[in-house]
Q: 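My structure is below; once you've seen it, I'll send some questions.
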Amino acid sequence: MKSPVIVVISFCIVSAFATPQPTDADITKQGDSCAARQQYKQAAMLYEKAARHGYAIAECKLGEAYCSGQGVPTNFTLGKQWLKRAAAH
């Protein structure tokens, strides 16, 4: 008979792998929700997370954030880079 500790640990390990991870689209939608609540810094962080995975919509939104200075310091160079990456898809 297995000890209860091993059973619990096994369950936790299996559960961790069975839990669906949010997609880049989900992360971008969370960013949109933050932006709608004027939580621009959080929105930009979420867009960047999805953009770094190559999600074009997030790349575009992050580029727009850099160009407008919403949630990140205004940086037209970075904004242009992210917008170009988005357009390349």
Q: Is it true that Trp82 and Val72 fall in one hydrophobic cluster, defined by side-chain heavy atoms closer than 4.5 Å?
A: yes
Q: So, taking the atom named CG in Leu46 and the one named NZ in Lys29, what distance separates them when rounded to the nearest 0.5 Å?
A: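 These two atoms lie 14.0 Å from each other.
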Q: Please name the pair of heavy atoms, one in Ala86 and one in Ala56, separated by the smallest distance, quoted to 0.1 Å.
A: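 What the structure gives for the nearest pair is CB-O, 3.5 Å.
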Q: Rounded to the nearest 0.5 Å, what separates atom CG in Asp24 from atom CZ in Arg52?
A: 13.0 Å
Q: Nearest 0.5 Å, please: how far is CD in Gln39 from OG in Ser33?
A: 9.5 Å
Q: Return the minimal non-hydrogen interatomic distance between Leu78 and Asn75, and the atom names on each side.
A: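 Reported closest heavy-atom pair: N-OD1, 2.9 Å.
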Q: Please find the pair of heavy atoms, one from Ala51 and one from Ala58, that lie closest to each other, and give the distance.
A: N-CB, 3.6 Å
Q: Please tell me if the side chains of Thr74 and Tyr66 come closer than 4.5 Å, counting only heavy atoms from C-beta onward.
A: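 Not in contact.
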Q: To the nearest 0.5 angstrom, please state how far the CD atom of Glu48 sits from the NZ atom of Lys61.
A: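 One finds 15.5 Å between CD of Glu48 and NZ of Lys61.
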Q: Do Tyr40 and Gln38 have side chains that get closer than 4.5 Å, going by heavy atoms?
A: yes
Q: Just wondering, do Met45 and Lys49 contact through their side chains at under 4.5 Å, heavy atoms?
A: no
Q: Specify the closest pair of heavy atoms between Ala43 and Ala35, including all atoms of both residues, with the distance to one decimal.
A: CB-N, 3.8 Å
Q: Determine the minimum heavy-atom distance between Cys34 and Gln42, stating which atoms define it.
A: SG-CG, 3.4 Å
Q: What is the minimum heavy-atom distance between Leu83 and Gly63, and which atoms define it?
A: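 In terms of heavy atoms, the two residues are closest at CG-CA, 4.0 Å.
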Q: To the nearest 0.5 Å, what is the distance between NE2 (His89) and CD1 (Ile57)?
A: 10.0 Å
